[in-house]
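Here the structure is laid out as structure tokens; the discussion comes afterwards.
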Amino acid sequence: MLMMDFLQKRKSVRNFKSAGVPKEELEKIRTHCKELEKEIGDVKFIIVENGEIVQKALKGKAGYSGVMIDAPHYLGLGIDKDDNRTMLAIGYIIEKINTMIVEEGYDTCWITIDRVDENTRKDVFGEIGSSLKYLIAIGQGKEKKFFEIEKASVRYPLNEIVYKDDLSNPVTIDYLEERGLLDILYSIRYAPSHKNLQPWRFVISGSDVVLYMKKSSEDFENKRSLVDMGVVMMYFEEMAKSYNINNKWEVVMEDEGEYLKIGKFTM
Ligand SMILES: Cc1cc2nc3c(=O)[nH]c(=O)nc-3n(C[C@H](O)[C@H](O)[C@H](O)COP(=O)(O)O)c2cc1C
């Protein structure tokens, strides 16, 4: 599936059937994780097949206000550091594996566990527990009852997240169309983010797309937003590939008051 269609259709799933993912499918996910570990270095994935252990241990502790998501399996990524660039990498890498799992036909949801005490994390996951900040719940979503309304998380309109030349000049649809950027930037809005904060802002400046993060007053929230920024960086690169643009984001990480300038992508 084209990444643009994929993004517009994807959504987090929080109600899972107890039947999990077939063993051979879990093996496929594991193989993919191993390939990514080799490619990136210094990272380690963990897949917990028996999700019940995790559910019980993290109940009341993980997720939004302690609302743990019960799933048959969980995946986590262990990275020891938590500097800004590492937080970007966490979002980028986890979302890469997440898209692969969803493309295989399974449902997922990110779970934030950065505030779960280290002892609990080590008890559940072993040594790697101390370096896990997020989990991905994996399984098959329960079917919706026919009278249930499909809940979609609202996204900012394009002119509140995309600008021309600087952050005070919202773009027009015509301009985006002229620049051939409408499809990518329209679709990228559907990327997942912590508490659906959508902290990403894009400034089109000449042949570059410059990426900014809207800062919060809390440092720990900014760390979390950096993970969301890593997520959109991954999607942007993947969507650019469908235009035969194989560039990568050039990270700069410059503080600009209300915003953190993350980097630029040359189209
Ligand atoms: C880094 C990150 C952390 C998240 N943490 C949680 C979480 O702890 N609990 C939860 O229910 N959803 C979590 N989510 C899912 C977001 O709430 C969800 O992506 C957002 O509300 C948009 O909804 P959608 O994914 O259905 O489009 C997280 C998403 C990201 C990217």
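Counting starts at 1 for both ligands and their atoms, in listed order.
- Near Cys109, meaning under 4.0 Å from any of its heavy atoms, are these atoms of ligand 1: 12 (N).
- When only non-hydrogen protein atoms are considered, atom 26 (O) of ligand 1 lies nearest to Ser12 N, 2.9 Å.
- Salt-bridge check for Glu238 with Lys241: passed, with a basic side-chain N closer than 4.0 Å to an acidic carboxylate O.
- For the ring-ring contact (aromatic ring centres under 6.0 Å, His included) with His194, the qualifying choice from Trp200, Trp110, Tyr64 is Tyr64, the only one to do so.
- Nearest protein heavy-atom neighbour of atom 21 (O) of ligand 1: Asn196 CB, 3.4 Å.
- Judged purely by distance below 3.5 Å, without hydrogens or angles, the side chains of Thr86 and Asp83 pair a donor atom with an acceptor atom.
- Classified by interplanar angle (parallel below 30°, tilted 30° to 60°, perpendicular above 60°), the ring pair Phe236/Phe265 is perpendicular.
- Residues Asn196 and Arg155 have side chains in contact (heavy-atom distance under 4.5 Å, counting atoms from C-beta outward).
- The ligand atoms of ligand 1 that sit less than 4.0 angstrom from a heavy atom of Ile69 are 10 (C), 11 (O).
- Only the side chain of Asp228 comes within 4.0 Å of ligand 1, counting heavy atoms alone; its backbone N, CA, C and O stay farther away.
- The closest heavy-atom contact to atom 16 (C) of ligand 1, among the options Ser193, Ser153, Pro192, comes from Ser193.
- Those atoms of ligand 1 with a heavy atom of Gly63 less than 4.0 angstrom away are 8 (O).
- Ligand-side atoms of ligand 1 in range of Ile111: 7 (C), 8 (O), range being under 4.0 angstrom from any heavy atom.
- The single protein non-hydrogen atom nearest to atom 28 (C) of ligand 1 is Trp110 CB, 3.4 Å, given as residue, atom name and distance.
- Using modelled atom types, one finds a donor on one side chain and an acceptor on the other under 3.5 Å when comparing Ser168 with Asp166.
- Residues forming a side chain to side chain donor-acceptor pair (under 3.5 Å) with Ser217 (at least two apart in sequence, or on another chain): none.
- Residue contact check: Tyr134 has heavy atoms under 4.0 Å from atoms 1 (C), 3 (C) of ligand 1.
- No side-chain heavy atom of Leu88 sits under 4.5 Å from any side-chain heavy atom of Asn84.
- Residue contact check: Val227 has heavy atoms under 4.0 Å from atoms 1 (C) of ligand 1.
- Nearest-residue assignment for atom 27 (O) of ligand 1 (options Lys11, Arg155, Arg189, Arg224; heavy-atom criterion): Arg155.
- The shortest N/O to N/O separation between Thr112 and ligand 1 falls below 3.5 Å.
- Classified by interplanar angle (parallel below 30°, tilted 30° to 60°, perpendicular above 60°), the ring pair Tyr235/Phe6 is tilted.
- Side chains of Ser187 and Gln8: a donor-acceptor N/O pair is present below 3.5 angstrom, by distance only.
- Of the polar atoms of Tyr64, at least one N or O is found under 3.5 Å from an N or O of ligand 1, judged by distance alone.
- Proximity annotation for atom 11 (O) of ligand 1: of Arg14, Lys9, Arg10, Arg14 comes nearest, heavy atoms only.
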